[in-house]
There are 2 protein chains.
Amino acid sequence: MTPAGAAPAGLDATLRALADPTRRGVVDLLRDGPRRAGDLALALGATPPAMSRHLRVLRRRGLVSERSHPDAARVRVYRLEPAPFAELGRWLAAVEALWSEQLESFAAHVQRREGQT
Amino acid sequence: MTPAGAAPAGLDATLRALADPTRRGVVDLLRDGPRRAGDLALALGATPPAMSRHLRVLRRRGLVSERSHPDAARVRVYRLEPAPFAELGRWLAAVEALWSEQLESFAAHVQRREGQT
DNA sequence: GCAATATTTAACTCAATAGATAACTAAATG
DNA sequence: CATTTAGTTATCTATTGAGTTAAATATTGC
């Protein structure tokens, strides 16, 4: 069901991870492909320690994964992991599915609200 | 109603608003239609003040709007507003669009990484 | 007008989180 | 090997933000 090892930690963890502009910047940059940690820090104007912490958050939430650079083991390359985004997408789709249903069931809600009042 | 000026406050605000389980619970409940503030508080096990604060956050981010109950002006009815969800959906789609592209452009990244090393 | 109801605002406390600097680990390079 | 390079961890501080109780506002009903 879930890719081996990288279990998405749930919607809450995903949304908390994405609710930070720097981390969302990381995601946006990784859209174009894997990148090194230092590269990300430089591109987003973050100090290396700050970026390292952001990457740790993203990693623990399963939004990114880390590998060593094939030609330089001290360089760490990060890439996006699809599972948490897919989970978020499903939730969002379920919410958005309602803009049509909401009109349909409007009468029922009026009834319910009046029953409660 | 969303006053014409209350544009969705951006992805950051939307994601911060959704990065809370109670507020996400509100969204899930409002999927089924508009509901009263006190109803939401009761359903989610939150005290009225806590719920009021959560609703204020959601309102200021443009995720929900508030009206008075037609038959009882002291009752406030909340409903979902689609715009911020649509914005989030577009961003998410852009991110997810990459699972295919990422494979395509893989060779280019290898090249770029080797150029940097 | 007076009490009850629905909800919000205020003031406070507490925990979680982000940023900065410094110290540390590991790997490439001379 | 000593040094530079890449990145992470440690520690501290400051800010944000969520919950609580009490008070305030507004509306309905007697």
Side-chain angles (χ1 to χ4, degrees), chain A residues 9-10 12-27 29-30 34-61 63-79 112-117, chain B residues 9 12-27 29-30 34-61 63-79 113-117:
Chain A
D12 194 67
T14 299
L15 285 165
R16 272 211 312 274
L18 293 176
D20 176 279
T22 301
R23 288 195 291 264
R24 216 162 44 254
V26 168
V27 170
L29 287 173
L30 292 186
R35 277 178 102 145
R36 318 159 39 147
D39 192 10
L40 292 167
L42 198 66
L44 295 170
T47 62
M51 180 53 66
S52 184
R53 285 169 58 96
H54 282 305
L55 289 172
R56 179 165 52 146
V57 170
L58 290 168
R59 211 185 321 136
R60 285 209 299 215
R61 307 300 198 256
L63 280 85
V64 306
S65 61
E66 171 250 290
R67 307 182 191 184
S68 289
H69 191 292
D71 301 333
R74 69 183 158 175
V75 173
R76 315 239 177 134
V77 177
Y78 285 84
R79 70 190 61 208
R112 197 204 307 157
R113 292 206 314 255
E114 286 177 348
Q116 283 173 355
T117 303
Chain B
D12 195 68
T14 299
L15 285 164
R16 271 210 312 275
L18 294 177
D20 177 278
T22 301
R23 289 195 291 264
R24 219 161 41 252
V26 168
V27 170
L29 286 172
L30 292 185
R35 279 178 101 143
R36 319 157 40 146
D39 191 9
L40 292 168
L42 199 66
L44 294 170
T47 62
M51 179 54 66
S52 183
R53 284 166 55 99
H54 284 304
L55 290 171
R56 178 167 50 150
V57 170
L58 290 168
R59 211 185 322 134
R60 286 208 300 212
R61 308 300 197 253
L63 280 87
V64 306
S65 61
E66 172 249 292
R67 306 183 191 183
S68 289
H69 191 292
D71 302 333
R74 68 183 157 176
V75 173
R76 315 241 176 132
V77 177
Y78 285 85
R79 69 190 61 207
R113 291 206 314 253
E114 286 176 348
Q116 282 174 353
T117 303

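Letters A, B, ... are given to chains in the order of the sequence lines, protein chains preceding strands, and every chain is numbered from 1.
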For the pair made of [atom1] in [X] and [atom2] in [N], what is the distance, rounded to whole Å?
| X | N | atom1 | atom2 | answer |
| --- | --- | --- | --- | --- |
| A:M51 | D:dT9 | CE | P | 15 Å |
| A:D71 | C:dT29 | CG | P | 11 Å |
| A:D20 | D:dT16 | CG | P | 14 Å |
| B:R56 | D:dT16 | CZ | C1' | 14 Å |
| B:R67 | C:dT7 | CZ | C1' | 19 Å |
| B:R36 | D:dT27 | CZ | P | 15 Å |
| B:E66 | C:dA6 | CD | C1' | 12 Å |
| B:L58 | C:dT8 | CG | P | 12 Å |

Fill in the blank from the handout: Of B:T22 and A:P48, the one whose nearest nucleotide on DNA chain D sits closer to the 5' end is A:P48
Problem - Side chain to side chain, A:R61 and A:T14, heavy atoms closer than 4.5 Å - result: no
Practice task
For residues A:L18 and B:L18, determine if any side-chain heavy atom of one lies less than 4.5 Å from a side-chain heavy atom of the other.
Solution key: no
Should [X] be listed as having a side-chain N or O under 4.0 Å from OP1 or OP2 of [N]?
| X | N | value |
| --- | --- | --- |
| A:R23 | C:dA18 | yes |
| B:H54 | D:dG19 | yes |
| A:Y78 | D:dT8 | yes |
| A:R16 | C:dT17 | yes |

Straight-line distance of [X] [atom1] to [Y] [atom2], nearest 0.5 Å:
| X | Y | atom1 | atom2 | answer |
| --- | --- | --- | --- | --- |
| B:R36 | B:M51 | CZ | CE | 13.5 Å |
| B:T22 | B:L55 | OG1 | CG | 10.5 Å |
| A:L44 | A:D39 | CG | CG | 9.0 Å |
| B:R35 | B:R79 | CZ | CZ | 13.5 Å |
| A:R53 | A:T47 | CZ | OG1 | 10.0 Å |

Completion exercise
Minimal heavy-atom distance between B:S68 and B:A73, with the atoms involved, is OG-O, 3.5 Å
Handout entry: Side chain B:R16, main chain A:A19, donor-acceptor under 3.5 Å
Key = no
Handout entry: Angle between terminal axes - the helix from C:dG1-D:dC30 to C:dG30-D:dC1, 5 pairs each end, rounded to 10°
Key = 20°
[options]: which one has an atom nearest the side-chain heavy atoms of [X]?
| X | options | value |
| --- | --- | --- |
| B:T47 | C:dA28, D:dT20, C:dT8 | D:dT20 |
| A:P49 | D:dG7, D:dT9, C:dA11 | D:dT9 |
| B:A73 | D:dT27, C:dT8, C:dA6 | D:dT27 |
| A:S52 | C:dT7, D:dT8, C:dT9 | D:dT8 |

Find every protein N or O atom lying less than 3.5 Å from an N or O atom of nucleotides 3-5 of chain C, and list the pairs.
unit_1	atom_1	unit_2	atom_2	d
C:dT5	O4'	B:R74	NH1	3.3
C:dT5	O2	B:R74	NH1	2.8

Practice task
Quick one: do B:R23 and B:V27 satisfy side-chain contact (heavy atoms from CB on, under 4.5 Å)? Show the steps, please.
Solution key: CA-CA 6 Å; B:R23 289 195 291 264; B:V27 170; 5.9 Å; no
Completion exercise
Between A:R76 and A:R53, the residue closer to the 5' end of DNA chain C by nearest nucleotide is A:R53
